[in-house]
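Structure record follows, encoded as structure tokens.
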Amino acid sequence: MPLGGGNKCGRCSKTVYFAEEVLCDGRSFHRSCFLCMVCGKNLDSTTVAVHMDEVYCKACYGKKYGPKGYGYGQGAGTLSMDKGESLGIKPEEPGPHRPTTNPNPSKLAQKFGGSDKCPRCGKSVYAAEKVMGAGSAWHKSGCFTCATCGKSLESTTLADKEGEIYCKACYGKNFGPKGFGYGLGAGALAHTQ
């Protein structure tokens, strides 16, 4: 302790007497001088952040020296338009947007980018409308129907031939075996309507 009373204040450099002394990082401060260097808020042992010889509240310290970017700064759910110019922070200008020209997108891009194409209409098939059948993704309504009669299909009631899907009845008529005993010859039962 120097002669003449007490230690020197880390802020105003005047003598700090015991009754008004606050200790921080090995230095003494007047209680009235123990303020944030930026916003001037009163500090205590739970709100102080020290950088070199300067003291800050945790919010100002985070803005000036903390990580930058989305999700950092003042806590979850807080929106702030303060870019930190008052702290000497210069905002970075984003570069121009350049879309990708990658001809081979990743599996994730194919899944969420809608790159599955419906074999019937040729448009993108998204997850909410997607039905798998015959090794392809189809639109559930409008496209996942029999190519001959137009009947709506399910994955268990379809048959496929050369990339096209049919109901089992139409598939049997068009591509099934022909001749005696196979439904088209003599002795076959026919349903007429």
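Being a predicted model, the structure only gives us computed values, none of them experimental. Note that the numbering runs from 1 along the sequence shown for the chain. Just the heavy atoms: all of them, side chains too, but no hydrogens, waters or symmetry mates, feed the values below.
- Taking the six-membered ring where tryptophan is involved, the planes of Tyr65 and His51 are essentially parallel, since the angle between them stays under 30° and well short of 60°.
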Do Lys8 and Thr15 pass the side chain to side chain donor-acceptor pair (under 3.5 Å) test, and can you show the C-alpha distance, the side-chain angles, and the key distance before you say yes or no? CA-CA 5 Å; Lys8 298 293 178 188; Thr15 302; 3.2 Å; yes
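- The minimum heavy-atom distance between Ala137 and Val125, with the atom names listed, is O-CG2, 3.8 Å.
- One finds the CZ atom of Phe34 at 14.0 Å from the CD atom of Glu20 (value rounded to the nearest 0.5 Å).
- Between the SG atom of Cys33 and the CG atom of Asn42 there is a distance of 10.5 Å, given to the nearest 0.5 Å.
- No hydrogens or angles considered: nothing links the side chains of Tyr166 and Glu164 as a donor-acceptor pair under 3.5 Å.
- For Trp138 (side chain) and Gly133 (main-chain N/O), a donor-acceptor pair under 3.5 Å exists by modelled atom type.
- Distance CG/Asp53 to CG/Asp25: 8.0 Å, rounded to 0.5 Å.
- At a threshold of 4.5 Å between non-hydrogen side-chain atoms, the residues Cys9 and His30 count as touching.
- Interatomic distance, Ser141 OG to Glu129 CD, rounded to the nearest 0.5 Å: 7.5 Å.
- Taking the side chain as every heavy atom from C-beta outward, Lys117 and Ser124 approach each other to under 4.5 Å.
- A pairwise comparison of heavy atoms in Leu23 and Glu21 identifies CD2-OE2, 3.6 Å as the closest pair.
- Lys151 and Thr145 share no donor-acceptor pair across their side chains, judged by distance under 3.5 Å alone.
- Linking ILVMFWY side-chain heavy atoms closer than 4.5 Å, directly or via other members, places Phe29 and Leu43 in a single hydrophobic cluster.
- Residues Arg27 and Val55 meet the side-chain proximity criterion, which asks for heavy atoms closer than 4.5 Å.
- By the criterion of side-chain heavy atoms lying less than 4.5 angstrom apart, applied directly or through intervening Ile, Leu, Val, Met, Phe, Trp or Tyr residues, Val22 is not grouped with Leu35; the two fall into different hydrophobic clusters.
- Cys149 contributes atom SG, which lies 8.0 Å from atom NZ of Lys173 (distance to the nearest 0.5 angstrom).
- Put simply, the side chain of Val48 reaches to within 4.5 Å of the side chain of Cys24, judged on heavy atoms.
- Applying the 6.0 Å contact sphere to CD of Glu154 captures no more than 12 heavy atoms from other residues, nucleotides or ligands.
- Between Arg11 and Met37, the closest side-chain pair of non-hydrogen atoms falls below 4.5 Å.
- In terms of heavy-atom proximity, Arg120 sits nearest to Cys143 at NH1-O, 3.1 Å.
- At least one donor-acceptor pair closer than 3.5 Å links the side chain of Asp44 to the backbone N or O of Thr47.
- Within the 4.5 Å cutoff, the side chain of Leu158 has no heavy atoms near those of the Cys167 side chain.
- Taking all atoms of both residues into account, the shortest heavy-atom contact from Cys170 to Thr148 is SG-CB, 3.8 Å.
- Atom NZ of Lys41 is separated from atom OH of Tyr56 by 15.0 Å, given to the nearest 0.5 angstrom.
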